[in-house]
Amino acid sequence: QVQLVESGGGLVQAGGSLRLACAGSGRTFSGAGMAWFRQPPDKEREFVAAINWSGGRTDYADSVKGRFTISRDNAKNTLYLQMNSLKPEDTAVYYCNAGPTTSFSAPRPYWGQGTQVTVSS
């Protein structure tokens, strides 16, 4: 059984930083990419960033480019999202997403439970 567990969310002031982590267990994701999505209050879930297996390819939503960095440690089966220069509009529940996909920024089969990020102005 696949399990993804996010951590690192919390309350931060605008301009601050947070680092999210997603630990995978139950199986490896050899050859598969991983991604972060988020769901702001009263909005649909949206793509944030994705990374391929080797880490050599990444993609970001325009709203986070230059501020967020996605990375992974395959030895630890862990995905990260470094979030800098946070804005109130980054407030959302952030979800880890993993597995194969036909489109790099599209949702993948496996989801974490989510972690809340709140940015105060």
Side-chain angles (χ1 to χ4, degrees):
Q1 184 176 354
V2 174
Q3 283 190 318
L4 299 171
V5 180
E6 300 99 334
S7 61
L11 174 63
V12 64
Q13 289 189 330
S17 298
L18 282 174
R19 188 192 195 204
L20 305 183
C22 170
S25 63
R27 62 184 293 175
T28 62
F29 299 96
S30 178
M34 299 182 77
W36 290 98
F37 284 73
R38 68 186 182 186
Q39 187 163 15
D42 300 321
K43 294 185 179 180
E44 298 293 317
R45 192 173 298 188
E46 62 186 24
F47 169 76
V48 175
I51 188 168
N52 69 347
W53 165 249
S54 69
R57 178 186 176 187
T58 58
D59 192 19
Y60 296 92
D62 288 343
S63 58
V64 307
K65 278 181 183 176
R67 301 188 298 120
F68 290 12
T69 302
I70 189 170
S71 62
R72 64 190 295 169
D73 184 338
N74 291 334
K76 297 181 179 179
N77 224 19
T78 302
L79 176 72
Y80 302 99
L81 185 68
Q82 178 66 44
M83 305 186 294
N84 298 328
S85 303
L86 282 161
K87 305 175 181 180
E89 51 264 43
D90 294 318
T91 295
V93 178
Y94 283 73
Y95 295 92
C96 177
N97 184 231
T101 183
T102 58
S103 178
F104 197 61
S105 61
R108 301 156 192 274
Y110 307 111
W111 294 93
Q113 83 287 350
T115 186
Q116 177 70 47
V117 171
T118 302
V119 184
S120 63
S121 58

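What you see below is based on every heavy atom in this structure, not just the backbone, and it leaves out hydrogens, waters and symmetry mates.
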_All side chain to side chain contact (heavy atoms under 4.5 Å, CB included) counterparts of R57, not counting sequence neighbours_ = N52, F104

*Least distance between heavy atoms, C22 atom then W36 atom*: CB-CH2, 3.8 Å

*Y80 and V64: same hydrophobic cluster, using ILVMFWY side-chain contacts below 4.5 Å?*
no

*How many angstroms lie between atom CE of M34 and atom CD1 of I51, to the nearest 0.5 angstrom?*
9.5 Å

*Between the main-chain N or O of V117 and the side-chain N or O of D90, is there a donor-acceptor pair closer than 3.5 Å?*
no

*If you group Ile, Leu, Val, Met, Phe, Trp and Tyr by side-chain heavy-atom gaps below 4.5 Å, do V48 and L79 land in one group?*
yes

*Are any side-chain N or O atoms of Y60 and backbone N or O atoms of I70, one a donor and one an acceptor, separated by less than 3.5 Å?*
yes

*Got a donor-acceptor contact below 3.5 angstrom from the N97 side chain to the R108 backbone?*
yes

_D62: salt bridge (charged side-chain N to carboxylate O under 4.0 Å, His left out) partners, not counting sequence neighbours_ = K65

*Measure the shortest side-chain to side-chain distance between E46 and P40 over non-hydrogen atoms and say whether it is less than 4.5 angstrom.*
yes

*OG on S120 to CD on Q13, rounded to 0.5 Å*: 5.0 Å

*So, do C96 and W111 sit near enough that their side-chain heavy atoms are less than 4.5 Å apart?*
no

*For P100 and P109, work out which heavy atoms get closest and say how close.*
O-CD, 3.3 Å

*Would a 4.5 Å heavy-atom cut-off, applied to side chains only, mark F68 and L86 as touching?*
yes

*Residues two or more places apart in sequence or in another chain: which of them pass side-chain hydrogen bond (donor to acceptor under 3.5 Å, both in side chains) with T101?*
none

*Indicate the atoms forming the closest heavy-atom contact of S63 with R38, along with that distance.*
OG-NH2, 3.4 Å

*Is there a donor-acceptor pair under 3.5 Å between the side chain of Q113 and the backbone N or O of V5?*
no

*Rounded to the nearest 0.5 Å, what's the gap from CG on L81 to OH on Y94? Could you check?*
7.5 Å

*asked:* Within this structure, what is the OG1-CD distance for the pair T91 and Q116, rounded to the nearest 0.5 Å?
replied: 7.0 Å

_Looking at every non-hydrogen atom in both residues, tell me the closest pair between R67 and S85 and how far apart they are._
NH1-O, 3.0 Å

_Taking every non-hydrogen atom, the tightest pair across N84 and S17_ = OD1-OG, 2.9 Å

*Below 4.5 Å, heavy atoms only, C-beta onward: do L20 and M83 meet side chain to side chain?*
yes

